[in-house]
Structures are given as C-alpha cells and as structure tokens.
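Report on the following structure.
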Amino acid sequence: MNSKEEEDNSKSADRFLRLLQESKKGRFKLYIGLAAGVGKTYRMLQEACELQAHGVDVLIGYVETHGRAGTEAQLEGLPIMKRKSIFYKGRMLEELDLQAVLQRRPEVVIVDELAHTNVPGSVNEKRWQDVEQLIQAGISVISAVNIQHIESLNYQIEKITGVEVSERVPDKVMKAADDIVNIDLTIEELLDRLKEGKIYDKVKVEAALKNFFRRRTCCSCASWPCAKYPTT
C-alpha cells in the first residue's frame with residue numbers, strides 16, 4: 001500500500017470517528033465493492049485498527065477472510081466476538097452472535113457480508129436485519145457488500161453476468177448509511193489477484209473466471225480492450 005492510500009484510509013477513519021462523536025445514535029458505514037477480492041474486508045479491518053488507536057471500543061462481530069493472509073493479518077490486536085454455533089441439517093454452522101454483541105455493547109462493531117442469509121433459528125432472517133437492530137440499539141456498524149447484492153442493481157447485474165443472485169439487500173439499507181466508501185480495482189488487477197489465489201482457493205479460480213470474473217466486450221467490436229471504449 002502506498003502513502004496516498006494510507007492517507008486516504010486515515011482520512012476515512014477520521015471522518016467516521018467524527019460521526020461517532022457527533023451523536024450517541026448508532027452510525028452505519030458501508031464499504032461497497034465491484035466484486036469479491038477488491039479489498040472491502042481488508043479496508044474495514046484497517047479502519048477498525050485506526051479507530052482503536054483513537055481510543056474507540058471496536059469489536060469484530062463477524063468477518064469472513066476467505067483465508068486471505070493479508071486480511072487475516074489485519075485482525076491482530078482486535079477483539080473478536082465468538083461466533084454463535086447453530087446445528088442445522090446435520091451440520092454445525094456459525095453465525096454472528098447478535099445477542100452477545102448487544103450485551104457487550106461496543107461503540108463500533110464490524111459485521112461483514114451484509115447480504116448474508118442467516119441459518120434458520122437465528123434471531124433475524126438476514127444479516128442486514130441484524131445490522132439494523134444493532135444500529136437501533138445505539139451501536140455503530142461498519143459493513144461491506146458487493147454491488148450484485150444491491151436490490152435495484154440485481155436485474156442489471158444478472159443481464160451482464162448471466163448469474164442470478166438470490167441474496168439481496170434492499171435499497172433502504174443503502175440509503176440509511178451515514179458513510180459509503182466505494183472500493184474498486186482495475187480489471188487487470190482483479191484478475192491477477194484471482195489467478196494468484198488471493199481471492200479464492202486456486203481450485204475455485206476456473207469456475208470464478210466463467211462467472212463474475214469473466215471478461216466481456218461492451219459493444220460490437222468484439223475485442224478486449226474494447227476498441228470503441230478502451231477505458232471501459
């Protein structure tokens with residue numbers, strides 16, 4: 001990470017810190033990414049470290065690192081809430097322990113995978129409902145989501161990728177955010193990270209390249225980079 005990115009991260013954390021100090025109401029910050037692997041969780045954890053350094057009581061409620069070494073390294077020194085285990089269809093599954101977070105009452109909690117559908121038997125059906133409940137209780141939340149999970153964009157994303165996404169977040173949740181940060185990479189950077197196994201296990205790379213990570217042309221020129229829109 002270069003010095004400009006570090007400066008931008010620090011400014012982002014400072015801005016959210018000011019929001020926390022302005023009101024006792026729970027605040028909501030959302031990182032939105034073009035696709036998996038662009039760095040949403042990494043940036044959330046960086047911000048958690050920044051806030052902790054400013055004396056803010058930060059808790060990791062639920063984070064999915066997907067085994068990415070760089071992301072896992074960011075967890076060092078941060079308090080992590082133990083996940084709730086729920087037995088479902090012969091398997092023990094793990095979820096955000098909403099009640100434990102409410103009882104612990106941190107100033108800020110990190111809750112990844114906003115579009116996630118909770119295991120039956122959880123307090124709420126959707127994780128975004130967990131987030132709403134935390135905010136209503138006066139706990140500020142930092143979360144993340146990919147654009148294909150946003151309700152109003154779902155149809156367009158399906159037309160482009162041919163992949164139907166069932167887990168969706170209502171637009172009202174986006175509108176409720178006090179601060180939104182867009183995280184993006186160039187297509188080349190994203191594909192390089194995918195092929196190097198930095199996004200998914202290498203056994204999953206081939207399937208990913210045939211779905212959300214496949215190249216496509218944007219017009220009738222049928223070439224890449226596109227001759228008509230070279231920067232698309």
Side-chain angles (χ1 to χ4, degrees), residues 30-33 35-45 48 58-76 78-106 109-137 139 141-151 154 157-158 161-170 173 193-213:
L30 185 60
Y31 282 86
I32 297 180
V38 297
K40 302 180 304 300
T41 303
Y42 186 92
R43 286 283 298 275
M44 278 199 303
L45 294 177
V58 179
L59 177 69
I60 304 301
Y62 190 101
V63 159
E64 192 60 70
T65 67
H66 297 287
R68 298 164 192 158
T71 304
E72 290 181 350
Q74 295 297 314
L75 286 167
E76 186 176 349
L78 293 170
I80 302 173
M81 175 60 70
K82 183 179 178 181
R83 296 179 182 181
K84 183 176 183 179
S85 296
I86 300 176
F87 191 75
Y88 180 68
K89 290 189 176 180
R91 297 171 58 197
M92 191 63 74
L93 303 174
E94 294 183 334
E95 293 287 4
L96 167 71
D97 193 335
L98 177 62
Q99 297 300 337
V101 175
L102 288 168
Q103 186 174 3
R104 163 74 166 71
R105 293 196 64 80
V109 61
I110 307 296
V111 181
D112 207 356
E113 306 282 354
L114 184 66
H116 172 76
T117 299
N118 293 330
V119 176
S122 301
V123 176
N124 296 307
E125 180 185 357
K126 299 287 188 177
R127 187 164 290 162
W128 59 263
Q129 294 172 319
D130 294 339
V131 167
E132 286 187 328
Q133 191 168 340
L134 289 166
I135 294 168
Q136 289 168 4
I139 300 171
V141 178
I142 301 177
S143 189
V145 69
N146 289 326
I147 60 171
Q148 68 263 27
H149 296 287
I150 299 174
E151 184 71 50
N154 185 265
I157 300 296
E158 185 179 344
T161 64
V163 178
E164 182 180 2
V165 177
S166 58
E167 292 185 320
R168 306 175 189 178
V169 178
V173 179
R193 284 176 56 80
L194 178 66
K195 292 171 183 177
E196 290 168 5
K198 293 181 178 178
I199 299 177
Y200 300 127
D201 290 340
K202 291 191 175 183
V203 295
K204 299 179 181 178
V205 169
E206 194 62 34
L209 287 169
K210 293 177 181 178
N211 291 292
F212 282 113
F213 292 85

(message) Using side-chain heavy atoms (C-beta onward) and a distance below 4.5 Å, is L134 in contact with L98?
(response) yes
(request) Using atom types as modelled and distance alone, determine if a side-chain donor or acceptor of D97 lies under 3.5 Å from a backbone N or O of R83. (result) no
(request) Using the side chain to side chain contact (heavy atoms under 4.5 Å, CB included) rule, take H149 and V165 through it: C-alpha gap first, then chi angles, then the decisive distance, then the call. (result) CA-CA 7 Å; H149 296 287; V165 177; 3.3 Å; yes
(request) Using atom types as modelled and distance alone, determine if a side-chain donor or acceptor of D112 lies under 3.5 Å from a backbone N or O of Y62. (result) no
(message) Can you tell me which residue among D130, L30, I135 is in a side-chain contact (heavy atoms from CB on, under 4.5 Å) with V141?
(response) I135
(message) So does N124 get a backbone contact from the side chain of S122, meaning a donor-acceptor N/O pair under 3.5 Å?
(response) no
(request) Taking the side chain as every heavy atom from C-beta outward, state whether I80 and L75 have any pair of such atoms under 4.5 Å apart. (result) yes
(message) Has R68 got a side-chain atom pairing as donor or acceptor with Y42's backbone, closer than 3.5 angstrom?
(response) no
(request) Could you grab the distance from atom OG1 of T117 to atom CH2 of W128, nearest 0.5 Å is fine? (result) 10.5 Å
(request) Inspect the contact between E167 and K126 and indicate whether a charged nitrogen and a carboxylate oxygen are less than 4.0 angstrom apart. (result) no
(message) Testing the basics here: between S143 and L114, what is the closest heavy-atom pair and its distance to 0.1 Å?
(response) OG-CB, 3.4 Å
(message) As an exercise, state the distance from CD1 of I110 to CG of L96, rounded to the nearest 0.5 Å.
(response) 12.0 Å
(message) Restricting to non-hydrogen atoms, name the atom on I139 and the atom on V101 that form the minimum distance, rounded to 0.1 Å.
(response) CD1-O, 3.9 Å
(request) State, with a plain yes or no, whether a side-chain heavy atom of H66 is found less than 4.5 Å away from one of T71. (result) no
(request) For the residue pair V173 and E132, establish whether any side-chain heavy-atom pair is separated by less than 4.5 Å. (result) yes
(message) Quick check for you: to the nearest 0.5 Å, what is the distance between L45 atom CG and I60 atom CD1?
(response) 5.0 Å
(message) For T41 and V63: C-alpha separation, side-chain torsions, deciding distance, then whether side chain to side chain contact (heavy atoms under 4.5 Å, CB included) applies.
(response) CA-CA 7 Å; T41 303; V63 159; 3.6 Å; yes
(message) Nearest 0.5 angstrom please: R43 CZ to Y31 OH, how far?
(response) 5.0 Å
(request) Would you mind checking if E151 and R168 are paired as a salt bridge, meaning a charged N to carboxylate O distance below 4.0 Å? (result) yes
(message) Applying side chain to side chain contact (heavy atoms under 4.5 Å, CB included) to R104 and M81, what does each step give before you reach the verdict?
(response) CA-CA 9 Å; R104 163 74 166 71; M81 175 60 70; 4.0 Å; yes
(request) Locate the shortest heavy-atom distance separating S85 from M92; write the atom from each residue and the value. (result) CB-SD, 3.7 Å
(request) Looking only at non-hydrogen atoms, find the nearest pair between I86 and P120 and report the distance. (result) CG2-O, 3.9 Å
(message) Under a 3.5 Å distance rule, please check whether R127 uses its side chain to pair with a backbone N or O of E95 as donor and acceptor.
(response) no
(request) Write down the atom of K40, the atom of G33, and the distance for their closest heavy-atom approach. (result) CD-N, 3.4 Å
(message) To the closest 0.5 Å, what do you measure between NZ (K82) and NZ (K84)?
(response) 12.5 Å
